[in-house]
Amino acid sequence: MGMISFLANPLRFKKFARIAAPIFGVLALVLIIAGIWVGLWRSPEDQLQGHSVRIMYVHVPAVWIGMMAYAAMALASLFAYIWRHTLADELARACALPGAAFTALGLLSGALWGKTSWGTFWQWDGRMTSTLILLFLFIGYMAVWAGTTDKRRAARIAGLVAMVGSINLPIIKFSVDWWNTLHQTSSVSMPDAPGLPPSILLPLMLMTFGYSFFFGWLVLSRVLNSISKASDRRQRPAAASTTMETL
Amino acid sequence: MSRFSGIVIRDIRIALRSGGAWLMGLVFFAVFLSLSAIALGGEFKTLRPLAPALIWLAVVFSLLFSFEHLFADDADDGTLEHIKLSSMSMHIYVLAKICAHWLLSILPLILALPLAGLLFDLPVSLLGGLFISIALASPALVCYGAFSGACLVGFKGGGFLLVLLTIPLVVPVLIFALGGVISYADAGLLATEFQALLGISLIATAVGIPATTAALNTITE
Amino acid sequence: MSRFSGIVIRDIRIALRSGGAWLMGLVFFAVFLSLSAIALGGEFKTLRPLAPALIWLAVVFSLLFSFEHLFADDADDGTLEHIKLSSMSMHIYVLAKICAHWLLSILPLILALPLAGLLFDLPVSLLGGLFISIALASPALVCYGAFSGACLVGFKGGGFLLVLLTIPLVVPVLIFALGGVISYADAGLLATEFQALLGISLIATAVGIPATTAALNTITE
Amino acid sequence: MTQTAFQQKTSMLAVTNLSVSRGEHLLIDGLSFRLAPGDTLWVAGSNGIGKTSLLKCIAGLLRPEGGTISWNGLDIYKSSPTDTGYQGHQDSHKPNLTAIENLQFWQTVYKSSLKTDDVLEKVGLSAQMGLRAKNLSAGQSRRLSLARLLMRKASLWVLDEPAAAMDVRGRKIIRTLVADHVENGGCVLIASHTAPEKIGANTRVLTLNGGEDVQV
Amino acid sequence: MTQTAFQQKTSMLAVTNLSVSRGEHLLIDGLSFRLAPGDTLWVAGSNGIGKTSLLKCIAGLLRPEGGTISWNGLDIYKSSPTDTGYQGHQDSHKPNLTAIENLQFWQTVYKSSLKTDDVLEKVGLSAQMGLRAKNLSAGQSRRLSLARLLMRKASLWVLDEPAAAMDVRGRKIIRTLVADHVENGGCVLIASHTAPEKIGANTRVLTLNGGEDVQV
Ligand code: HEM
Ligand SMILES: Nc1ncnc2c1ncn2[C@@H]1O[C@H](COP(=O)(O)OP(=O)(O)OP(=O)(O)O)[C@@H](O)[C@H]1O
Ligand SMILES: Nc1ncnc2c1ncn2[C@@H]1O[C@H](COP(=O)(O)OP(=O)(O)OP(=O)(O)O)[C@@H](O)[C@H]1O
Ligand SMILES: [Mg+2]
Ligand SMILES: [Mg+2]
């Protein structure tokens, strides 16, 4: 909370973001390269799935970051809604496109993985469906922003959409319990994360942190960009002069 | 007359004067079921197992589009501004609109259900399950639809977003409802799916009405 | 710029400015298929035989709603009166509106067809049949739809009934189209059902455009 | 043929024994008048007396209960003439198109050779050219509907309270435009609640409650 | 408590350093004024200068860019006061309800004890009571929106061109109603394109000027 109120000041935020963004970018690059290297050459193949198990290092972090992005967007929206803080609106808005991209990556990689391990790209399974809905929600959120020229209203409506839509997150999480489903948490090949052997856990974690920093870098640069654009707009034509007289 | 009933009566009156437009949902329901039956081959043998799903889909889609105009008309013609300036709380307005909408759109569907059952030659137990699942889920559908409708006011692009915003909630409702229809035969009213539907409806009402109010309040900002 | 293209361009521009409203049909198409798949159990084994019917129903219903606003907006804001006073013939206006509507509502569906096929894991021959049947039937669907849209505008209350009247027209289209999808695997383009669809489309266009014009002309009388 | 050419000069608009009704309400009964090129007719009368209804009849948008309206000798409800410019109470813009895009649409519909920029300039809307119609102020929106009227070559102008929502400069613009139009041989009908002014050589006032046709 | 009571007498509406913008457009910058009971303020200015926007801000319908508007000492964007009556450019009737049904709806919303018949009588709409709003003429529709304003007990009236589409008698009715209202201690803001008239003891004119001068 202290951190939040500290950064709520646009100037301080700008200073922070200018320093943090490049650091995030570099960390992302290093971690993702390391993750790919370890994932492709330094981790064992699966007895059942063979090399296709390596798709996991793309898929699982991607859906995680997609969900995290949505959560961040909803939280920032809540903050913006209550305190009418435009910076938080910008932050929420900046989360949407990267979040949608990660979700789409998760869907694509999942589909590819599905083709190799279940023999089908798509299945109407609970988790897959609710992840698709997550993508729809991101698109809906962005469509609200695009759909009106009145920025102030767009921000508030989009914020509400983000907050209400966050009920989809637990649905993704618990969908595997509600549907009798293909996508199991601990299926043939994958025991629960804590039980994972380190050789699999390491590349997974490398990729997860790499994606996280990449996401952070994207969001910070997008916010910086929109802040500077807003200050460009400040020069506006003069307003009406007013005179008051008594009849 | 109380404000609440004033709004409900006004909305019903406007609907009745609209030359039958308020029956659109019901007509869609009927058309959807007939066309589906025709398209899927028209044999009772193939249709009967699909019937609960088709009926539920008909309910969802016939409702989906009705929300576009729920608040848009009042917003476009400026009525909403005057409501906001009055001493009436926006919550009452939203609640009354939702109730009127329930009466105008869900009630006819529920009343038409036996006919739909006849169309597919459904046993009474399935029909009962359908009836209970629709009744239990309807507050959730209406509240969530109202929220999406309120978000869209002034967007023109209306329906598109409406659909995007509404389906995340509709999916679990659909799944629990269809599960409930099956379980009802054995478990009766105590089917766990019905409890889930009730829970969803309670949450949707508790979240939906304030969220709808908040969305409507942005119009005047 | 010719008048015809002037109207088409205007309609496309309005659609693109509407915040995604024009994608509504496409979204409905996707949502319809997804929700149907979920409601019907989600197993490819049960879904695959139903897929052509579901896809065709999705096309019909995603179009059905788009016609309500086809002429209503121009009528409500008085644009239609000014069109009538201009030297442009109402036929050109109707034709241009229909073409713009085809581009905005049917074309995206046709383009999305392969994806729908993927979702149901359809073989290419079925997909081809669907593609051809939709393309052949689309003039009929759009012309019927335009006529009902014009009736809703022109006759206010009574239009509702006229819309009901157009639904029987959709039934043969649906039956021939689904027949064609099956026959296509053996008979290819020469399937008799496709000839029937082509015939229906020709008749619908020849009758539909003058009828639509006539319905619109009643507005200003 | 000569008959028509003659009529065209002596009388462009001929309203004979016109009766107009709305619902069960007979608003106008047995009204007759003629307008020749260069004539201006102000239609006055209290709210709801039937000015708008009369104007719509003459524009061809509302079929009268009885009587005939002919334009250059032809009944307008039989031949639908196409040189009537109408400005109603409604502005009829597409809210999401900009001012100039709205006008461009009418340019193609009217097959007009006029430049949209010039016309917007004439009604004093150059600065708002790129603004969406829904963001125009009431007066700006009214000006845009005037611009649509100018976009076409109509000889008969039917204007229903053109000055509504207009500021002083806007009213002056309308006055000049109407004066130009009648000078070039056009006819104008104006319904208005402000005092009628003399525009062009032959300006008359039709006051609807009494049905008198007063010369100004 | 005495503080508020005192303020209530000295100044009901206080606008301080108000700035209003639409889109990227700053319309009004640093405007301050006060209105006490019995005051009338005419807002004048050319089309698109920002009259409607200003009025909407004061009514509480458009959040200003900066500055405060307070009513009896409370910021209206924090406390939403409920005694402001607003009449905008739009009439806001339900087209398929009759005039009296439209008004009855507002009667229940405002919990008003006034009789709808009496109010319709006041605005001269008794004869059109049973007519659907869509069939009202422009001026009749405007009168009905005035009737809605009268239906409630508002001390601040914010009127955006109330005389639009009104005939002479209608304008006289508005004048009388406003005069009555200020006499009873109300405040009125009127945006208008007609010459301001003195109504009540303290009538002022606020002219909005977009840099250039406008001659009246
Ligand atoms: C398009 C198809 C797919 C989608 C949309 C999808 C979606 C998701 C989501 C949302 C999660 C995160 C769940 C959570 O952390 O709560 C996840 C995790 C996971 N997915 Fe997928 N998935 C797809 C296909 C697949 C396939 C084909 C496999 C393997 C055969 C797979 C294996 C996994 C595994 C092992 C996890 C991590 C398990 C856990 O900790 O929950 N997924 N997927
Ligand atoms: N369906 C109907 N039934 C009965 N009366 C009707 C119907 N439609 C319209 N009217 C009445 O007919 C008249 C129409 O008037 P019109 O709009 O022509 O008036 P106007 O002179 O233009 O008035 P304004 O100055 O207010 O614009 C009104 O008095 C209206 O109440
Ligand atoms: N989104 C926007 N972007 C830019 N300018 C805008 C936007 N919305 C409104 N405007 C401009 O702001 C002004 C709004 O004016 P407003 O409606 O307050 O004028 P007004 O003084 O009431 O005019 P009128 O006398 O015509 O009613 C107009 O000039 C309009 O063009
Ligand atoms: Mg009129
Ligand atoms: Mg204004």
Side-chain angles (χ1 to χ4, degrees), chain C residues 1-24 69-97 99-101 104 153-157 213-214 216-221, chain D residues 52 55-65 71 76-98 100-113 116 132-135 141 144-145 147-149 151-158 160:
Chain C
M1 189 159 48
S2 79
R3 285 161 163 180
F4 178 85
S5 56
I7 296 173
V8 172
I9 288 172
R10 180 197 71 149
D11 273 19
I12 291 177
R13 203 179 246 163
I14 291 176
L16 296 180
R17 296 268 171 85
S18 67
W22 69 284
L23 282 171
M24 180 66 195
H69 288 280
L70 183 55
F71 298 111
D73 291 345
D74 277 359
D76 289 345
D77 70 11
T79 298
L80 211 52
E81 291 186 344
H82 287 285
I83 295 273
K84 199 185 175 192
L85 289 181
S86 75
S87 62
M88 183 171 70
S89 108
M90 197 60 109
H91 287 299
I92 294 185
Y93 170 77
V94 168
L95 199 65
K97 290 289 281 187
C99 288
H101 196 68
L104 286 166
V153 169
F155 305 97
K156 280 288 179 230
T213 310
L216 286 182
N217 273 328
T218 60
I219 294 169
T220 48
E221 290 196 350
Chain D
T52 298
L55 263 54
K56 284 202 162 186
C57 279
I58 290 173
L61 296 171
L62 177 73
R63 197 176 279 274
E65 179 92 348
W71 177 243
I76 65 161
Y77 281 94
K78 284 180 189 138
S79 64
S80 342
T82 54
D83 51 350
T84 307
Y86 175 72
Q87 186 189 27
H89 282 302
Q90 265 186 321
D91 289 334
S92 310
H93 310 312
K94 292 296 160 190
N96 276 318
L97 297 186
T98 63
I100 197 156
E101 283 168 351
N102 268 293
L103 198 55
Q104 276 162 351
F105 171 66
W106 293 107
Q107 187 188 32
T108 58
V109 167
Y110 296 147
K111 289 196 178 298
S112 170
S113 55
T116 45
R132 294 195 180 189
K134 68 175 169 192
N135 289 329
S141 171
L144 186 56
S145 89
R148 172 177 44 226
L149 178 77
M151 208 68 221
R152 62 185 298 177
K153 291 258 171 295
S155 9
L156 176 63
W157 281 8
V158 179
D160 203 350

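Throughout, a chain's letter reflects where its sequence line sits, starting with A, and its residues are numbered from 1.
- Contacts with chain D were tallied for C:Asp74, C:Ile7, C:Leu85; C:Leu85 has the most, counting heavy-atom pairs under 4.5 Å.
- Residues C:Asp77 and D:Lys94 form a side-chain contact, since some pair of their non-hydrogen atoms from C-beta on lies under 4.5 Å apart.
- The CG atom of C:Leu80 sits 10.0 Å away from the CG atom of D:Leu61 when rounded to the nearest 0.5 Å.
- We find the CD-CZ distance between D:Glu101 and C:Arg13 to be 4.0 Å, quoted to the nearest 0.5 Å.
- Nearest heavy-atom pair, C:Arg3 versus D:Thr108, reported as atom, atom and distance to 0.1 Å: CG-O, 3.1 Å.
- Using the six-membered ring where Trp is involved, C:His82 and D:Tyr86 have ring planes that are tilted, between 30° and 60° apart.
- Contact annotation for D:Phe105: only side-chain heavy atoms (C-beta onward) come within less than 4.5 Å of a heavy atom of chain C.
- Residues C:Arg17 and D:Arg132 form a side-chain contact, since some pair of their non-hydrogen atoms from C-beta on lies under 4.5 Å apart.
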(request) Kindly determine whether C:Thr79 and D:Trp106 satisfy side-chain contact (heavy atoms from CB on, under 4.5 Å), including the steps that lead there. (result) CA-CA 10 Å; C:Thr79 298; D:Trp106 293 107; 3.6 Å; yes
